[in-house]
Each structure stands twice: as structure tokens, then as C-alpha cells.
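Bear in mind that the values here come from a model prediction, so they are computed numbers and not experimental data. Sequence lines set the chain letters: A, B, ... in the order given, protein chains first and strands last, and positions in each chain run from 1.
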Amino acid sequence: MIGDEFESVLTAARGGSETAFAYLWRDANPALLRYLRVIAPDVAEDVAAEVWLQVVRGLAEFRGNEANWRAWLFTIARRRAIDEGRRQSRRPSAPLEVLSPGEAPTAPDAAEIAMENLRTEWAIKLIATLPQLQAEVIMLRVVGGLEPQAVADLLGRSPGAVRVAAHRGLRRLAAVLAKAGVTL
Amino acid sequence: MTGPDVPDSDMLNVLWRSRADVPHIGDPVLDSLMEPSARPADAADPLYPVAEVLAALRAAPDGAELAGFNRALAAFRYGGTTPEVFVRPRRRPATLRRLLRARLAAAIAVAVTAISAVTYAGALPAALQRVAHETIGAPAAHSNGHPHPSPSAATTAGPAGPAGRGPAGSAAYGLCNAYQHALANGNKTEQGMALRNLAAAAGGQDKVSAFCAAVPHPGASTPPGNAVGHTSHTAPGKAVGHSHTKEPKAQSSSGGSGSGGGGGNGNGNGNGNGNQGAK
């Protein structure tokens, strides 16, 4: 999240500042990719690139604050993923045993960055094992940083349904992790 | 055994049983878990692993997640149209692709070798000799079909390239340049953005100086052939160009067609490798 500077960054990007655009991109692209890796794992990078193409095209018309901005990005990402028509290609995720996170670092330091990335990778795959709506809601809330109302708008569901899906997903995760005896 | 009159304990429900292992968790607790400020350490015991998973989802980006910037920047520069270079052909399965690439390289190698051997021996009729000579010596028309890949492969491989591997791209140069420009002329916001962009590429604010010191000026960058060579995946094309052609002209144009074939591949891999090294 960019925070207070967002408006000036957006204005600068709209004015053609590559620095500002780089800043916007760097802030949001990892989150977009992680979300896409849950809903369109095989084409996440390509869809993300298409999202930015569309963002660039629509930048001049975009109005709103950072929350609106994030919602806009994820809305485009979701539409593009659906357009690709490849969500069916969503592969069944590898079983938990295979994806064991191993010994988790307690205090992340430079030497453990690789492990940290593995953990993120593993977490994304774990979320992808949830029913689609639950997985999507959790990704949009946690990784996308969207408010429940924004998630509801984006998914075309009621805020209540979104909230219930999130709770179910998290409870299910808790159960799966407890059953697997995973200690992170 | 399922049904309304069957006791819960007799129900065949895996989920039910596993849920029974976990104490009931209230909705507000789950909501707070998803807040941006949530920390695993604050999570109650049964939720601690879940909080850890969510923290891993929010973890700082890794290099690969920041590798696609050149594509986005190109879109930004071209106002939302993708330059041809960045349109990736639909991917074939990796093994098939590798096989085809190997076969293509082999075919070219065989053809070039055969033609050069015969040609240099002067054993062909004059007309054929001329055609063959033009084919080997001046495949410029062919390489013109891919005017962009060589320079762009060089620039896209570079910026993601870490300081340690000699970043040679215009984007890396641009980041350093933008920062210097912001320091001289920009306001605080511009300076902050430029520094953070640069730090992300360099792998930390403390590495910025070393990173920029290793970035050559684009005008002084290595020749395309060499720069493309950084992306080791274009090696087959390069090998063909160098090992079977004798004339300098042929060398450069073969290099062009070689990187044309491996261009898309080079972009992707160059970025990925570069950033892994940058951390």
C-alpha cells in the first residue's frame, strides 16, 4: 500500500512519470500475481501483464483513492482471468504432505529469504485448495487489501456472503493445518 | 451412515471430524485475522498456523514478482499498446519447445555447414554459388523480420540483472538516472519514489550505489550479441551463428536471427535469473 502519497504518485503517473508508474507497479504487481496464481495459476504472469496494459489505457480516466485503485486493479485482473477462459485449467493442488513448508524460520534474516519465498509459494498453493469462492475472498481481503464491501462488489455477492465465505475458508484452513499437524 | 436420524458421532463426514479437532473460532477473531495489521504472534493458539499462512501470503515480494516490469513499462511508454517484442507467442509445452528449438538449431547447423562446406570448396555452379553465398553471407532480409529482439533482449535482460552480474539494460540505467534526476530536480515525493524503485531493483537501499556503479551507460553497453549471450538460453542460436559462419557480416546477422528465435525466452529467463541473483 502506498498511503498518503498515493494521490501525488497517481497524478505524476498520469502525467507520464515513469518513476511514478514504476512505483505503482511495484506496489501492486506482487499482490496481483499472488491473486492470479490462485485463480489462474497457469497464466498468472500473462494475465498480470494484460492487466497493466489495460491499466495504462485507462489511467487517464481513472478517478478515486487508493482503495478504489486497488479495487479497480483486481477487478480488471479477475475479468482478464475469466476472459482467458482458462480458469477451468485450474489444476488440483498438490497434497499438503508434498508441500510441507519444512522448518520455518522464526526470525527472518537475509539467509532465509529463499525459505520465505517458499513459504509464500506454499501458502498460495494451500489457499488454492480451498473452494474457489473462499480462496478468492481470502486472497482479495488479505493480499489485495480490499475491504469486505469492495470484495463483495467485485465478486457480485452480498457482503454477508463474502464474510461467510472468508470465515469458512479460514476455519477450513485451521482444520486442515491442525489435522496435518503443521507447525509453521 | 448419514441421515437426519443418525447421531452426529456416526456421521461419515471427514470435515466434521477434523473440525472437531479445532475449538470453535468466533467470527470477529477470523475478521481480525484478515486485517492488514494482523500479526501471527497475536493469534490465539488454534489460529496461529492460519495466521502464519496469511502472513506468508502478505510477505515481501520476491524477485520473480518484480520481474515483469519491462513489459509494463513498455506498455506505459507506448500508451497502452504492446510493442511486438513483448507479445509472447503462445507457449508450447516446455519439452516440445526444447525439442523443436534443438531440432531447428540442428537443422540450421546442418544446412549451414553443408552449404558452407560446398560453397567454400567452390563446387557449386555459379548461380547457386551466388545464392548460397547470399544466404550465408547476407541473411539480412531474414533478420529484418525481427528488428527488435536483439536490442530489447539486451535491455530487458539487463535491468533485472543484479549488480553482481553486470546489469546492462536501459531500465536499470533509467532507474539510476531517474534517482539522480530526482535528487537534483525533484521534490521529496519524486525522490522517495525513485529511491524505492531503485532499491527494489538493487535488492536494498544499501546496495543502490553498487548497483548503479555496475550499470553501464546504454550508449556504452556491450554489443547485442554479447548481451544476448547473458541469457544463456539463446546459446544454441549464438553457437550456430558463430561456429558455422566465417564472415563478420554473417556473424552479426546470424546473431540477429538467433536471438529472434530465442527472444521471448530470453526476456523471461533473463528477468527471472537476474532478480534471483539480486536478492
Side-chain angles (χ1 to χ4, degrees), chain A residues 1 5 8-9 12-13 16-23 25-26 29-31 33-34 45-46 48-49 52-59 101 104 110 113-114 116-117 119-120 122-124 126-127 138-139 141-143 145 148 163 166-167 170-179 182-184, chain B residues 15 17-22 25 27 30-31 33-34 36 38 40 46-50 52-69 71-73 75-82 86 88 174-175 178-179 181-182 186-187 189-190 192-194 196-197 200 268 279:
Chain A
M1 294 291 197
E5 289 176 330
S8 56
V9 174
S17 163
E18 290 184 2
T19 306
F21 176 71
Y23 196 45
W25 183 88
R26 195 172 60 76
N29 193 60
L33 271 179
R34 288 175 192 184
E45 275 81 13
D46 284 343
W52 287 105
L53 205 57
Q54 199 167 333
V55 165
V56 166
R57 288 187 195 129
L59 201 57
I113 285 174
E116 184 66 31
N117 293 344
R119 270 159 45 94
T120 301
W122 174 80
I124 290 170
L126 182 61
I127 297 293
I138 290 174
M139 291 305 284
R141 291 278 284 121
V142 174
V143 177
R163 196 157 175 253
H167 296 160
L170 293 176
R171 286 206 178 91
R172 199 173 177 127
L173 269 188
V176 166
L177 292 169
K179 195 178 172 193
V182 172
T183 49
L184 287 161
Chain B
L15 184 61
R17 228 185 289 145
S18 54
R19 274 176 68 174
D21 297 338
V22 181
I25 306 159
D27 290 350
L30 294 174
D31 284 331
L33 215 54
M34 289 185 289
L47 278 181
Y48 183 75
V50 179
E52 281 279 17
V53 168
L54 300 190
L57 290 179
R58 291 189 195 102
D62 76 19
E65 291 170 324
L66 297 171
F69 179 61
R71 220 167 148 185
L73 181 63
F76 185 71
R77 280 184 184 158
Y78 290 85
T81 55
T82 313
F86 289 94
R88 277 194 225 167
L175 286 174
Y179 180 52
H181 183 79
N187 57 27
T189 306
E190 193 78 13
M193 287 189 299
R196 273 167 288 186
N197 289 336
K279 280 178 305 211

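- For the pair Asn29(A)/Phe69(B), no side-chain contact is recorded, criterion being any heavy-atom separation below 4.5 Å from C-beta on.
- Both the backbone and the side chain of Ala20(A) have a heavy atom closer than 4.5 Å to some heavy atom of chain B.
- In this structure, CZ in Arg171(A) is found 5.0 Å from CG in Leu30(B), a value given to the nearest 0.5 Å.
- Contacts between Val142(A) and chain B at a heavy-atom distance below 4.5 Å involve backbone atoms as well as side-chain atoms.
- The CZ atom of Arg163(A) sits 4.0 Å away from atom CG of Asp31(B), with the distance rounded to the nearest 0.5 Å.
- The contact between Val9(A) and chain B is made by backbone and side chain atoms together, counting heavy-atom distances below 4.5 Å.
- Here Asp27(B) contributes atom CG and His167(A) contributes atom NE2; the two are 4.5 Å apart, rounded to the nearest 0.5 Å.
- Test Ile124(A), Leu126(A), Thr120(A) against Leu57(B) for side chain to side chain contact (heavy atoms under 4.5 Å, CB included) and you get one pass: Ile124(A).
- At a threshold of 4.5 Å between non-hydrogen side-chain atoms, the residues Leu54(B) and Leu170(A) count as touching.
- Note that CD of Glu45(A) and CZ of Arg71(B) are 9.0 Å apart. Values are rounded to the nearest 0.5 Å.
- At a 4.5 Å heavy-atom cutoff, the contact between Met139(A) and chain B is made by side-chain atoms alone.
- Here the OG-CD distance, from Ser17(A) to Glu190(B), works out to 4.5 Å after rounding to the nearest 0.5 Å.
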From CA spacing to verdict: side chain to side chain contact (heavy atoms under 4.5 Å, CB included), Leu73(B), Trp25(A): CA-CA 9 Å; Leu73(B) 181 63; Trp25(A) 183 88; over 6 Å; no
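- The minimum heavy-atom distance between Leu47(B) and Ala174(A), with the atom names listed, is CD2-CB, 4.2 Å.
- In this structure, CG on Asn197(B) lies 11.0 Å from CZ on Phe21(A), to the nearest 0.5 angstrom.
- Top candidate by heavy-atom pairs under 4.5 Å with chain B, chosen from Ala22(A), Ser8(A), Ala31(A), Gly145(A), is Ala22(A).
- Under the side-chain hydrogen bond (donor to acceptor under 3.5 Å, both in side chains) criterion, Arg34(A) pairs with Glu65(B), sequence neighbours left out.
- Closest approach of Leu66(B) to Pro30(A), counting heavy atoms only: CD2-CG, 3.9 Å.
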